[in-house]
> 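Next up is a structure, given as structure tokens.
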Amino acid sequence: MKRLNFPLSVILLVVPCAVLAAFTHYPAVKSLINSFWSMGTRRRPSQFIGLENYQTLLADGTLHQIIWNSTLYAIVTIPAAIALSIGMALLVNAKLPGTALMRLSFFLPTMMPMIAVANIWLFFYAPGIGLISQIFVLFGLQPINFLGSASTSLWSMMAVAVWKEAGLFMIFYLAALQAVPPNLKEAARIEGAGPIRIFFDIVLPLLKPTTVFVAVNALINSFRLIDHVIVMTKGGPNNSSALLLYYIFEVTFGYRDSAYGSTLTVFMVLLLGLMALIQFKILDRKTHYQ
Amino acid sequence: MKGVNRILLVALAPTLAVAWGVPFIYSVWTAIHPEKYSARFTWNAPITFANFLEAWQAAPFALYFVNTVILTLLILVANLILCTLVAYAFVRYRFQASGLLFALIMIQLLITPDILIVENFNTLAKLGLTDTIIGITLPYLTSAFGIFLLRQTFKTVPISLDEAAQVEGASTWRVLWDVYVPLAKPTYLAYALVSISFHWNNFLWPLIVTNSPETRPVTVGLSIFATVESGVEWALVNAATLMTTAPLVVAFLIFQRQFVTNFMRAGIK
């Protein structure tokens, strides 16, 4: 390794990293600073108010609802998408007839923008005209307004997210499955292990590193991706389907309260950091084949 | 026992595949039939492409497409250049606090610019770059993911190759261009595919930044078309949705094998 001289470091490191820091580290720190200041108006400039924004945050009933929504959304969609994607990978890997078509069907939603996926599902869920509504009527059931009622709106969002994400995770599991040494499975088979036993005792432990990778990605995505919320429900009815980033978006660009928006951003950054830490700790302990 | 399992698999596989395809197929059905067949399934329903034509003319989709292409290419080119430079520095040179700097860069994998919308918009407003395509691209010009992938790849370049090139009198830039870059070609391709699909599909940030048809990418254009201009004309909304999605899907179908293998390679290593 050679020593890096100053002029070269400017080109190689300073310029690219400055661009990165300006839109990642700077806004994170600026959010923290702004969270201690009030929202300035034309007549009254912004003032230092200490922890007042955080007091608002603690007492914010809407936020409590949204934290619950986001938690539920993450703990349902992540395991569901992972379980389904492992199933898909096993099916695609089983060399059945029509594999190419099957893979296309699973992977298609992943290629589409979330906004397109949201439009498709908006129509799919639409009362009266949507397919689900029609199936309900066909079986003589009362159709449900999935997006319009507070008890089903969040679950409807989750279905959309799982539908979109599972195909992507399937690709990663497919790669991992193809890397499982066939002699291990062969040895287990000779020892008399059935296919179910082989899956749980041999294949699944070997998929752990992939699961760590997928789970962390899924966690970040569950916070980052809110396009479907914007298009399908706007968080409603009564915030029943609002997620944290959507709330930040609404507070900042809807209510024009960027001071509180900054405070919420700080909260979200801390939450993400904490969750990533926990996830790494738990999954790392169980990962044997790094 | 084995036979029973096989039969179960053969039955399960198409069921799941069809169930997964249903929302998409339903959308296609609606898009290629006249409005009155939107929710009515009859075998002799006439197939039409009028919905696509009407949707295309009802909003400046051509302009939206151009904006998306410009935006995606700008980010891709900047990423390829800037990430290469940083990865090269980390692999080839020794400098103070390199471990700390790398950790700081990797923070972007977790705290992505997508969630820092409040302050990033303020920054953009201060720079006077709201409602510009450059403004949409700025937060994404350097990518931690790209740096990570390229660093991993550059590390596999044998040091003897690097040294041989130096003995031959190659400069810093020649070594990068003639030794490192050619060996990282698969990584560049993988990264390009991930980057293009991500930014082609990105929605929230462009929605916040843009305010006029001249800057709007196709995702934002589609959302505006679907909510404002067409009301509840589902045939048109579905046609527009499929139309705007088509280029990427077609590209994927063409590059399917490369896409999948590169995606896997990018993710697993």
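The chains referred to below are lettered A, B, ... by the order of the sequence lines, with proteins before strands, and numbering in each begins at 1.
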> Could you tell me which portion of B:Trp205 (side chain, backbone, both or neither) has an atom closer than 4.5 angstrom to a non-hydrogen atom of chain A?
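For B:Trp205, no heavy atom lies under 4.5 Å from chain A.
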
> Can you tell me which of B:Asn122, B:Leu104, B:Ile107, B:Leu141 forms the most heavy-atom pairs within a distance under 4.5 Å of chain A?
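Ranked by heavy-atom pairs under 4.5 Å with chain A, first place is B:Leu104.
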
> Between A:Thr252 and chain B, which part of the residue has a heavy atom less than 4.5 Å away: side chain, backbone, both or neither?
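Side chain only.
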
> Counting only heavy atoms closer than 4.5 Å, note whether B:Gln166 contacts chain A via side chain, backbone, both or neither.
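Looking at B:Gln166, just its side chain touches chain A.
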
> Less than 4.5 Å to any heavy atom of chain B: does that hold for the side chain of A:Ala126, its backbone, both, or neither?
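Side chain only.
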
> What about A:Tyr260 and A:Tyr255, are their ring centers closer than 6.0 Å?
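That pair fails the under 6.0 Å test.
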
> For B:Ile81, is it the side chain, the backbone, both, or neither that has a heavy atom closer than 4.5 Å to a heavy atom of chain A?
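For B:Ile81, no heavy atom lies under 4.5 Å from chain A.
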
> Side chain, backbone, both or neither: which part of B:Thr219 has an atom under 4.5 Å from a heavy atom of chain A?
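Both backbone and side chain of B:Thr219 come within 4.5 Å of chain A.
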
> On the ring face of B:Phe95, is A:Arg3 found with NZ or CZ under 6.0 Å from the centre and within 45° of the axis?
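Negative - A:Arg3 is either too far from the ring of B:Phe95 or too far off its axis.
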
> Heavy-atom distances under 4.5 Å only: say whether B:Ile25 touches chain A with side chain, backbone, both or neither.
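Neither the backbone nor the side chain of B:Ile25 comes within 4.5 Å of chain A.
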
> Between A:Phe23 and B:Tyr140, does the ring centre distance come in under 6.0 Å?
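Here the rings of B:Tyr140 and A:Phe23 have centres that are no less than 6.0 Å from each other.
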
> Is it the backbone or the side chain of B:Val220 that comes under 4.5 Å from a heavy atom of chain A, or both, or neither?
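Neither part.
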
> Between B:Ser98 and chain A, which part of the residue has a heavy atom less than 4.5 Å away: side chain, backbone, both or neither?
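Contact with chain A involves no heavy atom of B:Ser98 at all.
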
> Under the criterion side-chain hydrogen bond (donor to acceptor under 3.5 Å, both in side chains), I'd like the reasoning laid out for A:Ser262 against B:Glu119: C-alpha separation, chi angles, the key distance, then a yes or no.
CA-CA 7 Å; A:Ser262 289; B:Glu119 292 306 328; 2.7 Å; yes

> So for B:Ile159, is it side chain, backbone, both, or neither that comes closer than 4.5 Å to the heavy atoms of chain A?
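It is neither, since no heavy atom gets under 4.5 Å.
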
> Which atoms of A:Trp163 come close to chain B, meaning under 4.5 Å heavy atom to heavy atom: side chain ones, backbone ones, both, or neither?
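It is both, since atoms from each part get that close.
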
> I want to know whether B:Tyr26 and B:Trp29 have ring centres closer than 6.0 Å.
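No, too far apart.
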
> Below 4.5 Å from any heavy atom of chain B, which atoms of A:Leu8 appear? Answer side chain, backbone, both or neither.
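A:Leu8 touches chain B through side-chain heavy atoms alone.
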
> Counting only non-hydrogen atoms closer than 4.5 Å, does B:Asp114 touch chain A with its backbone (N, CA, C, O), its side chain (CB onward), both, or neither?
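Contact with chain A: backbone and side chain both.
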
